[in-house]
Structures are given as structure tokens and as C-alpha cells.
Number of protein chains: 2
Amino acid sequence: MIQLPVQIKIKVNPKVFLKDPESSNLGKDIVEHGIELIAEIGFEAFTFKKLGGRIGSPESSIYRYFENKHKLLLYLTSWYWSWMEYRLYFSLTNINSPQNRLERAVVLLTELIEEDSSFSHVNEVKLNQIVITESPKSYLTKEVDQENNEGIFAGYKQLVARVSDIILEINPDYKYPHMLVSTVIEGAHFQRYFVKHLPRLTDVVKGENSITEFYLEMVSKAIK
Amino acid sequence: MIQLPVQIKIKVNPKVFLKDPESSNLGKDIVEHGIELIAEIGFEAFTFKKLGGRIGSPESSIYRYFENKHKLLLYLTSWYWSWMEYRLYFSLTNINSPQNRLERAVVLLTELIEEDSSFSHVNEVKLNQIVITESPKSYLTKEVDQENNEGIFAGYKQLVARVSDIILEINPDYKYPHMLVSTVIEGAHFQRYFVKHLPRLTDVVKGENSITEFYLEMVSKAIK
DNA sequence: TTAAAATTAATAGTATTACTATTAATTAAA
DNA sequence: TTTAATTAATAGTAATACTATTAATTTTAA
């Protein structure tokens, strides 16, 4: 894993918060313990009241930062995509061959995060678990069009665009680069989930990193 | 589209309902108008009270059929997967070449349902929309393991197994048949959703059936 | 046929959720 | 050092997601 400089601040579209949680200790507590609590009990059972109880603040204080729990989820997923793009940038630095760049990108997009490293109050391992399980719920909603207009999903789209560009470098005639990349990202999340909960929907071999291998192979064949 | 005999009854695991909605008019109304209402306002905003208002019954009567709205969603998705397996069975009858069989299966799994045909009180077009937008919410929950033990996802797993078997007929050494099939099914749903709401995540050409073509190509290359 | 059983409907109620409004206390800025 | 701004705490509300009870209706069975 890449060790990022601690003073880097991941940018998140300000439309998802009322007050920047990075700007106060309470805000950081909301993010840190919000991640923990959502990972523990799931997004459906998660409430600001429970989070308030855990951090010793009334729920009304949390509402000063986030309009509702959906916006907090958008904050977390946006943060994650920014962080991923950051990691991608580092992972591709000084790698010149587009084949190598694509391979590294696919590994980054499909691997499980197992080390909590870079940012003090964000546990990336748990955030990765949340993204796997909860992120579809952040955009499979009736508000998606409005939120998309406000640019809330820009980070995700930008990451997909970056990797698509590598594909087009390798094969400028490939017709479906964005479809392929978004299929890989969402697919890998689902496979990670299926391995744990619905293993008949996947093909896991213990000790092998089947998911990353599957998508590496799939992508390299698809763009030929 | 295949015209199914009307007297066929799609089987759904009885664990998802308290009383079979097929057994009474009220039950059929719950399913019919439940599909309409969820498609209209989305699963989050959907409540039994609103459904009751629409069908002229108190919410308590709906609770006699389904424990809660999550179980109703499980009923609808289970019904959908049974129906898909039924359609698959017909679509593959008398087709002998495994390559043709696989192609027809991928078309069936990835195409948009545009005709409401087979079953009186189930609008398959709207149900397909619900499955696209809401079905991940039916298993990305904390209850998934228990519900999986009860066999609630058996229909989905069986469909994946059927198509995986065709892949293994073509290439017995292919390592990831289930991963490939579940990636195609979930991926096609996501792409259908992205086309409408987050088009930068996909590659749509008007008038072309890009999604089905993409997955047909992807699958045929992947298993070589 | 008619009484018992079963089903369904309707009413009323409760705990929790998802907020909002108001006031008090604390901190920062002029 | 007073004024302004931020934050916390209390209290409340409308809606949600149920449950319990009773009444009405339909079905079945003796």
C-alpha cells in the first residue's frame, strides 16, 4: 500500500455537507465514528441518534454537519473515490507502458483494502467495507439526477474516465471503455460481497486472489 | 418475447410471505399495486400505508401477507428470478449448440424488458425496472446470511448455475463461470441504470443495443 | 341450516425515526 | 470587553413501522 503524506486533505464536494467535518473535532468524530458504526450495524439501522450516543453529542449537533444520513453516506463515498484517484495517481507515476498502467489500475480497483494507513480519523479498511456494501444505495435513489447535476458523483466519474483513457491508449477503437471500467469496479465490489455472503454466485479458491485475477484477465481479453 | 401459458404459477419461497398473495384478491392487489408504487416513488419512500391507501385497505391487512416491505421486495425479486429461469428454459429449448445457448442466455439476462405479457397482475416491465434499481438493496443487508440460509436467494443462484453450466460445456477449464455470469447480470442492471442517470459511466450510442452487445462480446472473449 | 372456525377488515395505539425550533452556553472577533 | 458567531442541549413534531384488539364477513363442517 502507498503511504500518503498525512497533511494531504482529500477534497469532497461541499454540497454534501452543511459544515465541513474536517473543520472541527466534532466533525472529525462524526466521520470517524460514523464509519465505525455504519460498518458495524449497516446503513439501514444507522441513525444520527445512535451516532450521537457514541460520540457523546446530541443528534442535533450532527445535523449541523449533515442534512441527513444519506448525505453522510455521500460524503464517505465521495471521500473514498477521491482517495482512490489519489492512490491511482501514485500507483501510475513513472509507469510508462499503458499495459502496465492498466494492470496496476485494475489491481487497485479490485483489491481488498486491508491496511489502515493514510488519514488519521478515516479507517480505510472499514470505509472500503462500507463502499462495498452500501455505495449502491448512495445512487440507486430517486434523488440521483438532482445530486448528479450538483456534481456529487464527479469523483466517481472522473476515476472511471481516467482508467478509460488508459484503455483507449492501448486500443483507440475499443467501443466500451467506460462500461468496462464501471463493470469492473461495481463487479469487484459485488464479488467481494458474494464471497462472504452468497458464495454460490462466485468462484473462490482459498488462498488465491481470484477476484483480481478474474478481472485482470477479463479486461485484457475484452479490449483486444 | 416468449408468450407463457397464463395458468403457469411462478414459484416463490414461502418464507418471504406470511400468506401467499396469490391466494386472494387482496394479495394480488398488494403485488400488482406494490409493483406500481415502488416503481413510481422508489423503495425508500414506499410504505404499506401508502400502498393501503392506493388499494383501499388498511396497512394492517397488508401486514397479514408480508412481515415488512423488505419481505415484499424479496417476494418480487424472487418472483422475477423464477420468471427469468422459466423464460431461459423456453429460450433454450431445441437449441443444441452450446455457443448459441450461451448467446441466447446472455441476451435474455441483459436485455431490457419492454413488453408486459405473461401474468395478469404482474407488470414485468415495471418489475424489471424495480429489479434494476432496487434488487441490490434486497441482499446488501445485515440479514443476508440468515435469509440465504432460509433459501430465499435460491432462485437467483440457480439461474447463475444454469448459465455457468453452459459456459463449462463450451470450456470445461474456465475457472470463473459463476463470477462471469453474476458480473454480467449485475453489470447489465447497473449499465441500464447508468444510461438513464449517470451516462458518463457508460458508452451509449442511440439506437444501438450497446449493453447487450458489450456483454455478449465480453463473455465470448472471456471464456476463450 | 346453522353454529363454529377461519379469514379479513378496521380501529387504535406504541416505539422509533428523522427531523426542526428554541434557548443556553461557550468561543472567537472587533 | 461587548458583540457576534458557533456549538450544545432540550424539547418537541410528523411520519414510519409496526402490534394488539375487536368487529365483520366468509367458509366449513356437523
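Everything quoted here is computed from the prediction, not taken from an experiment. First the proteins, then the strands, lettered A, B, ... as listed; each starts at 1.
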Trainee: Under 30°, 30 to 60°, or over 60°: which ring-plane class applies to B:Phe48 and B:Tyr63, parallel, tilted or perpendicular?
Mentor: perpendicular
Trainee: Considering every strand and a 4.0 Å limit on heavy-atom distances, what is the contact class for B:Glu59: base, sugar-phosphate, or nothing?
Mentor: base
Trainee: Does A:Phe214 have its ring centroid less than 6.0 Å away from the ring centroid of B:Tyr176?
Mentor: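 Yes - the distance between ring centres of A:Phe214 and B:Tyr176 falls below the 6.0 Å cut-off.
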Trainee: Looking across every strand, which nucleic acid part, if any, lies under 4.0 Å from A:Lys49 by heavy atom: base, sugar-phosphate, or nothing?
Mentor: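 Nothing, no nucleic acid heavy atom in range.
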Trainee: Please state whether the rings of A:Tyr139 and A:Phe153 are parallel, tilted or perpendicular, taking 30° and 60° as the class boundaries.
Mentor: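 Rings of A:Tyr139 and A:Phe153: perpendicular, over 60°.
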Trainee: Mind calculating the distance between CG (A:Leu72) and P (C:dC19) to the nearest angstrom?
Mentor: 12 Å
Trainee: Between the side chain of B:Ser61 and the main-chain N/O of B:Ser57, is any donor-acceptor distance below 3.5 Å?
Mentor: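 No: the side chain of B:Ser61 does not pair with the backbone of B:Ser57.
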Trainee: Atom CZ of A:Phe43 and atom C1' of C:dT17: how far apart are they, to the nearest Å?
Mentor: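 Taking atom C1' of C:dT17 as the reference, CZ of A:Phe43 is at 13 Å.
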Trainee: Figure out the CG/P separation between B:Leu51 and C:dA9, and round it to whole Å.
Mentor: 13 Å
Trainee: If we count only N and O atoms by modelled type, under 3.5 Å, do the side chains of A:Tyr65 and A:Ser24 hold a donor and an acceptor together?
Mentor: yes
Trainee: Which of the following nucleotides, D:dT16, D:dA8, C:dT11, is nearest to the side chain of B:Pro58?
Mentor: C:dT11
Trainee: Would you kindly compare A:Ser60 and A:Thr47 by the position of their nearest DNA chain C nucleotide and give the one closer to the 5′ end?
Mentor: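 The residue mapped nearer the 5' terminus is A:Thr47.
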Trainee: Can you measure A:Ile62 atom CD1 to C:dT17 atom P for me and round it to whole angstrom units?
Mentor: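 After rounding, the gap between these two atoms is 13 Å.
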Trainee: Looking at A:Ser61, I'd like to know whether one of its side-chain N or O atoms comes within less than 4.0 Å of OP1 or OP2 on D:dT7.
Mentor: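 False: A:Ser61 side-chain N/O out of range (4.0 Å or more) of D:dT7 OP1/OP2.
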Trainee: For DNA chain C, whose closest nucleotide is more 5', that of A:Arg64 or that of A:Glu44?
Mentor: A:Glu44
Trainee: Let me know the distance between OH of B:Tyr63 and C1' of C:dT8, rounded to the nearest Å.
Mentor: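 About 17 Å, once rounded to whole Å.
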Trainee: Does D:dC18 have its OP1 or OP2 closer than 4.0 Å to a side-chain nitrogen or oxygen of B:Lys69?
Mentor: no
Trainee: Just how far, in rounded Å, is C1' of C:dA9 from CG of B:Asp29?
Mentor: 14 Å
Trainee: Provide, to the nearest angstrom, the distance between the CZ atom belonging to B:Phe66 and the C1' atom belonging to D:dT19.
Mentor: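 Distance, rounded to whole Å: 19 Å.
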Trainee: Send over the distance from B:Phe48 CZ to D:dC18 P, rounded to a whole Å.
Mentor: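 Result: 8 Å.
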